[in-house]
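What follows is a single structure, written as structure tokens, with notes after it.
No hydrogens, no waters, no symmetry mates; every other heavy atom, side chains included, goes into these values. Proteins come first, then strands; the chains are lettered A, B, ... in the order of their sequence lines, and each starts at number 1.
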Amino acid sequence: MKILYFAWLRERLNRASDDVTPPADVVTLEDLVTWLRANDESLDLAMANPKQFKISKNARIVPWNTPIDGAEEVAILPPMTGG
Amino acid sequence: MKILYFAWLRERLNRASDDVTPPADVVTLEDLVTWLRANDESLDLAMANPKQFKISKNARIVPWNTPIDGAEEVAILPPMTGG
Amino acid sequence: MIIISDAPFDPGTLLNQFQTNHPEAGAAVTFTGMVRSLPDRPITALILECYPDLAQNEIAAIRTTAIARFDLIDAAILHRYGRLVPDEPIMQVMTLAPHRQAAFDGAQYLMDYLKTDAPFWKQEEAAAGTEWVEAKASDDTARDRWR
Amino acid sequence: MIIISDAPFDPGTLLNQFQTNHPEAGAAVTFTGMVRSLPDRPITALILECYPDLAQNEIAAIRTTAIARFDLIDAAILHRYGRLVPDEPIMQVMTLAPHRQAAFDGAQYLMDYLKTDAPFWKQEEAAAGTEWVEAKASDDTARDRWR
């Protein structure tokens with residue numbers, strides 16, 4: 001599964017993406033982020049205020065409790081500033 | 001003094017303007033319209049619902065109780081439908 | 001800029017002229033009004049009557065108030081009169097502001113006041129004849145929300 | 001029409017293409033967002049990062065909802081990414097409706113949702129360096145008024 005990082009999150013991590021294979025007990029996107037943070041101190045620090053992020057699955061924004069369900073691409077999205 | 005009529009009021013009266021010299025006791029624009037209506041049955045009928053009209057003095061919309069005070073051009077304005 | 005004219009205008013050209021060279025502006029809102037003709041009630045033209053001197057004065061006053069009230073960087077109004085055919089632009093209002101809400105509010109304010117206080121009168125020309133467009137009470141309501 | 005692109009665009013040309021050939025439309029509202037640079041805090045550029053696949057999908061969803069909610073005849077959104085200099089247009093939203101209030105409401109709705117739900121991130125480039133623009137709580141408030 002591909003994890004994408006954008007904007008200042010990408011800069012803080014010094015990379016735009018990861019390829020990961022989460023264990024079977026990681027069921028929802030929220031579980032996935034918890035698992036990613038447990039394995040990566042910089043991500044854990046950068047996401048100290050997790051409520052501000054949105055999450056997308058296969059290029060659609062979805063609720064955090066959405067099942068991963070074979071997602072190919074998950075993105076962690078800092079607050080957006082377009083428009 | 002020139003009195004201008006617009007839109008359906010102009011059509012009903014079959015003219016776009018009048019030149020009038022009101023008597024001295026005609027002080028405000030409201031007095032002026034009362035005097036004009038008293039002297040013109042078609043205008044009186046057309047203005048049966050006077051509240052719907054606006055009035056202008058020297059090309060500025062003003063309240064009905066504005067003194068005539070040597071106005072050169074007064075216009076009686078049916079409800080506007082621009083924009 | 002205020003233009004009261006019987007000549008056609010190009011909405012896009014007007015917009016581009018209006019919004020260039022203002023690096024302090026972050027937002028521009030443009031309203032364009034067009035001649036409608038519906039399939040079940042087609043018209044051949046819209047004929048607009050105008051009192052040009054009064055239009056110029058009232059629109060200038062509305063514009064000055066809108067600029068002060070919403071801190072606009074600029075505002076422009078163009079309104080046509082004469083005979084216009086379906087799909088032709090009738091008028092355009094444009095506002096320029098630092099941020100979007102002021103630009104939107106300023107444009108709506110200008111439109112709401114123009115509808116009730118700018119001396120234009122529309123006549124619809126159809127196969128059956130020509131009829132004056134009636135003023136809408138909802139236009140007074142829209143204007144009164146700014147009081 | 002939805003365009004997500006790093007190419008410059010011409011606001012007026014876009015407006016003219018959008019509003020032609022719709023005789024049932026009486027009102028068009030256009031919002032244009034531009035790169036600001038203030039005298040007391042000048043920037044040399046605005047750099048926009050984007051997640052294009054997500055932008056396309058989310059903007060399409062917002063557009064469909066806006067058309068249904070406000071009975072719009074059409075709606076179009078163009079958003080740029082990449083490096084833009086002061087005064088350049090960043091994005092444009094256009095709505096077409098029978099009457100003015102729906103066109104205004106539709107454009108404001110689209111803008112409010114784009115601000116919070118479209119995956120773009122701005123960076124200001126100035127003499128002192130480059131900084132990410134912070135999201136504004138007021139943008140969430142503006143969006144939430146439509147709920």
Side-chain angles (χ1 to χ4, degrees), chain A residues 1-20 28-30 32-33 36-37 40 42-83, chain D residues 2 4-5 31-36 46-62 77-82 84 89-93 107-124 129-140 142-143:
Chain A
M1 184 192 318
K2 193 153 196 148
I3 313 289
L4 305 180
Y5 308 108
F6 287 95
W8 53 263
L9 184 60
R10 173 183 54 69
E11 278 192 349
R12 284 241 230 149
L13 301 178
N14 246 318
R15 61 187 189 277
S17 66
D18 277 325
D19 277 298
V20 301
T28 69
L29 295 175
E30 190 159 15
L32 175 65
V33 169
L36 289 168
R37 288 178 67 182
D40 183 334
S42 351
L43 181 66
D44 190 45
L45 279 170
M47 293 190 73
N49 179 8
K51 293 261 171 201
Q52 69 175 314
F53 296 86
K54 291 190 174 177
I55 197 149
S56 71
K57 172 180 157 178
N58 298 340
R60 283 309 307 262
I61 295 175
V62 291
W64 284 86
N65 61 3
T66 305
I68 297 180
D69 217 6
E72 288 173 12
E73 187 175 282
V74 169
I76 303 176
L77 310 160
M80 298 160 185
T81 56
Chain D
I2 297 171
I4 314 287
S5 159
F31 177 91
T32 315
M34 290 92 68
V35 180
R36 298 176 76 205
L46 197 65
I47 301 159
L48 279 113
E49 182 169 332
C50 171
Y51 178 5
D53 290 355
L54 182 61
Q56 186 72 43
N57 292 343
E58 288 301 319
I59 291 174
I62 296 166
I77 298 104
L78 183 152
H79 206 305
R80 289 181 66 187
Y81 58 89
L84 284 71
I90 304 167
M91 51 91 61
Q92 188 154 300
V93 154
Q108 288 222 45
Y109 178 95
L110 287 169
M111 281 309 302
D112 288 345
Y113 270 87
L114 283 174
K115 280 273 173 187
T116 60
D117 291 24
F120 294 90
W121 296 271
K122 287 177 183 149
Q123 236 177 339
E124 288 182 342
T130 296
E131 258 183 74
W132 291 99
V133 172
E134 276 198 56
K136 285 185 280 185
S138 62
D139 285 334
D140 287 325
R143 181 206 56 209

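Highest contact tally toward chain A, considering only D:Asp117, D:Leu48, D:Val133, D:Ile90, is held by D:Asp117 [criterion: heavy-atom pairs under 4.5 Å]. Contact tally against chain A (heavy-atom pairs below 4.5 Å) for D:Thr116, D:Leu114, D:Asp140: the top residue is D:Thr116. Among D:Glu134, D:Met91, D:Lys136, D:Glu49, the residue with the largest count of heavy-atom pairs under 4.5 Å with chain A is D:Glu49.
Checking side-chain atoms of D:Lys115 against main-chain N and O of D:Ala135 turns up no donor-acceptor pair under 3.5 Å. Checked by atom type and distance alone, the side chain of D:Asp53 never pairs as donor or acceptor with a backbone atom of A:Ala59 at under 3.5 Å. D:Trp121 places a side-chain N or O within donor-acceptor distance of the main-chain N or O of A:Pro78, the cut-off being under 3.5 Å.
Residue contact with chain D, scored on non-hydrogen atoms closer than 4.5 Å, is absent for A:Gln52.
Within the 4.5 Å cutoff, the side chain of A:Met80 has no heavy atoms near those of the D:Asp139 side chain.
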